[in-house]
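Notes follow once the structure below has been shown.
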2 protein chains.
Amino acid sequence: MAASASRKQESRERLSRERVLASAIRLADVGGIESLSMRKLGEELGVEAMSLYNHVSNKDDLLNGMIDAVFAEIESPSLEEDWKTAMRTRGLSVRAALLRHPWATGLMDSGTTPGAATLRHHDRVIGCLRGGGFSFAMTAHAFSVLDGYIYGFAMQDKALPFDTPEDTGAMAAAMLARFPTGEFPFLAAFMREHVLKPGYDYGDEFEYGLDLILDALERRRDEV
Amino acid sequence: MAASASRKQESRERLSRERVLASAIRLADVGGIESLSMRKLGEELGVEAMSLYNHVSNKDDLLNGMIDAVFAEIESPSLEEDWKTAMRTRGLSVRAALLRHPWATGLMDSGTTPGAATLRHHDRVIGCLRGGGFSFAMTAHAFSVLDGYIYGFAMQDKALPFDTPEDTGAMAAAMLARFPTGEFPFLAAFMREHVLKPGYDYGDEFEYGLDLILDALERRRDEV
DNA sequence: ACCTGAACACCGTTCAAGT
DNA sequence: ACCTGAACACCGTTCAAGT
């Protein structure tokens with residue numbers, strides 16, 4: 001009692017893989033992936049960095065675990081609903097997860113040793129498309145174009161150097177100011193006439209593209 | 001004469017931003033972006049790491065320069081051709097560049113301070129779409145879905161843990177062996193019936209998706 | 001079984017000093 | 001003007017030692 005009370009109360013519960021992963025995700029959410037180091041993570045947990053290696057085999061394993069935790073947050077596509085609404089919901093759900101965890105964007109498809117939640121997610125996506133009448137070949141096409149788009153869009157959105165409309169204006173001006181007037185006429189007009197108009201938000205583009213692809217897939221479903 | 005001959009001949013031409021960038025790209029092409037450090041780059045050029053700072057303001061500036069050099073390798077989309085063939089050629093051209101320089105995949109749209117070649121490329125893409133009859137709003141849609149897909153596909157392809165068909169089989173087996181039989185039935189069937197069939201190459205999916213998107217854009221071009 | 005301290009081999013970058 | 005050596009504040013990871 002006295003002994004346990006004398007220790008720093010905060011983070012002195014026993015370490016576990018789950019606690020390590022949760023802490024790492026919080027750190028990456030707040031400060032970005034580049035601010036996540038084994039040493040800082042240890043500090044966050046009130047422990048030396050080296051203790052982490054008892055719960056995670058190295059930093060790569062840590063990242064894999066974090067990714068799988070993100071997939072676990074995404075509800076797997078339903079096998080009851082019709083494929084198109086299920087795939088639409090799932091697309092929006094992945095995007096929402098990547099907005100919560102932008103650091104995961106480049107890593108979701110990092111391939112090596114996917115975790116259980118990751119495999120389950122992919123299993124359900126394939127099951128949903130097969131159940132919707134897609135051949136194996138068409139399932140491969142659909143999977144590829146949908147996930148390519150979903151992750152690629154997230155990457156672009158994340159990389160965008162402006163988060164607010166005010167930033168957008170400043171950025172656009174700075175970008176074009178570095179070059180002779182008229183050197184990039186189409187880009188300049190596009191900025192002026194579209195991007196800088198009030199109400200523009202790049203994030204809004206996501207659904208347009210998702211629906212465009214889903215419609216196109218529906219049209220091609222019965223080919224080949 | 002004698003003096004200059006006594007120095008190591010190899011890399012003793014004067015340093016310049018161009019030489020630094022070219023060397024950095026070569027290093028990243030060969031060993032991946034994570035093997036590119038200021039110290040190794042210096043060594044490659046026969047110079048101390050600190051000398052690089054005379055030609056590049058920091059590592060971020062180095063990376064921006066490298067990206068712009070990759071864009072400079074990509075021929076800008078023609079404004080004479082019809083928009084669809086021009087955009088198709090350009091999509092394939094970007095993909096080819098990313099196959100030559102996989103390390104660039106996550107960085108092409110990194111936003112901050114794009115270089116002249118990058119801006120020119122984007123200017124031409126917008127010009128091509130506008131010239132093809134796309135409204136500003138539709139140009140934004142088209143740009144977003146095309147680039148999202150192109151970069152997203154490259155990211156997935158790069159992340160794929162197998163480069164050869166033999167690897168694919170080994171990988172698929174290892175992946176599924178870690179879990180109870182039947183836990184991922186759709187994934188397992190998909191692997192068995194499609195991915196592991198001879199002749200399968202994920203890279204081939206790229207063109208299918210590109211054409212699917214271009215067709216869908218054509219159909220929607222005159223809306224809104 | 002879990003945690004630690006010291007150490008190793010790396011990073012990017014600054015700064016005063018050299019030519 | 002360009003290059004260097006030494007230094008600073010970081011990394012991931014190993015390993016022997018502690019409890």
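Values below: every heavy atom of this structure, side chains too, minus hydrogens, waters and symmetry copies. Throughout, a chain's letter reflects where its sequence line sits, starting with A, and its residues are numbered from 1. Values in this document were obtained by computation on a predicted structure and should not be read as measured data.
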Cation-pi, A/F136 ring and A/R130 (6.0 angstrom, 45 degrees): yes
Among C/dT13, D/dG12, D/dC3, the one nearest B/K59 by side-chain distance: C/dT13
Derivation and outcome, ring pair (Phe, Tyr, Trp, His ring centres under 6.0 Å), residues A/F184 and A/F190: CA-CA 10 Å; A/F184 306 116; A/F190 183 67; over 10 Å; no
Test log, rule side chain to side chain contact (heavy atoms under 4.5 Å, CB included), inputs A/M108 and A/F71: CA-CA 8 Å; A/M108 297 292 276; A/F71 268 112; 3.7 Å; yes
Within-4.5 Å side-chain heavy-atom neighbours: B/L98 and B/Y151: yes
Residue whose nearest DNA chain C nucleotide is more 5′ - A/H55 or B/D60: A/H55
Pairing pattern in dot-bracket form [Watson-Crick, G-U; both distances under 3.5 Å; | = partner strand] for DNA chain C: ||.|||||...|||||.||
Between D/dA6 (P) and B/M50 (CE): distance, integer Å: 11 Å
Presence of B/S51 side-chain N/O under 4.0 Å of D/dC2 phosphate oxygens OP1/OP2: no
CG-CZ distance between A/L52 and A/R39, expressed to the nearest 0.5 angstrom: 11.0 Å
Closest non-hydrogen atom pair between A/G209 and B/V145, with its separation: CA-CG2, 4.0 Å
Minimal non-hydrogen separation, A/P102 against A/K158, with atom names: O-CD, 3.3 Å
Separation of atom CD in B/E43 from atom P in D/dT4, rounded to whole Å: 13 Å
Members of residues 30-42 of chain B that approach DNA chain C, where some heavy atom sits under 4.0 Å away: B/L36, B/S37, B/M38, B/R39, B/K40
Length of the CG-P vector between B/L15 and D/dT4, whole Å: 9 Å
Candidate nucleotides C/dT4, D/dT4, C/dT14, ranked by approach to the side chain of B/Y53 - the nearest: C/dT14
Options D/dC2, C/dG12, D/dT14, nucleotide nearest the side-chain atoms of B/N54: D/dC2
Interatomic distance where CG belongs to B/N58 and C1' belongs to C/dT13 [whole Å]: 9 Å
Pairwise side-chain contact, A/R26 with A/E44, heavy-atom cut-off 4.5 Å (strictly under): yes
Backbone N/O of A/R14 and side chain of A/R19: donor-acceptor pair under 3.5 Å: yes
Length of the CD-P vector between B/E48 and C/dG18, whole Å: 17 Å
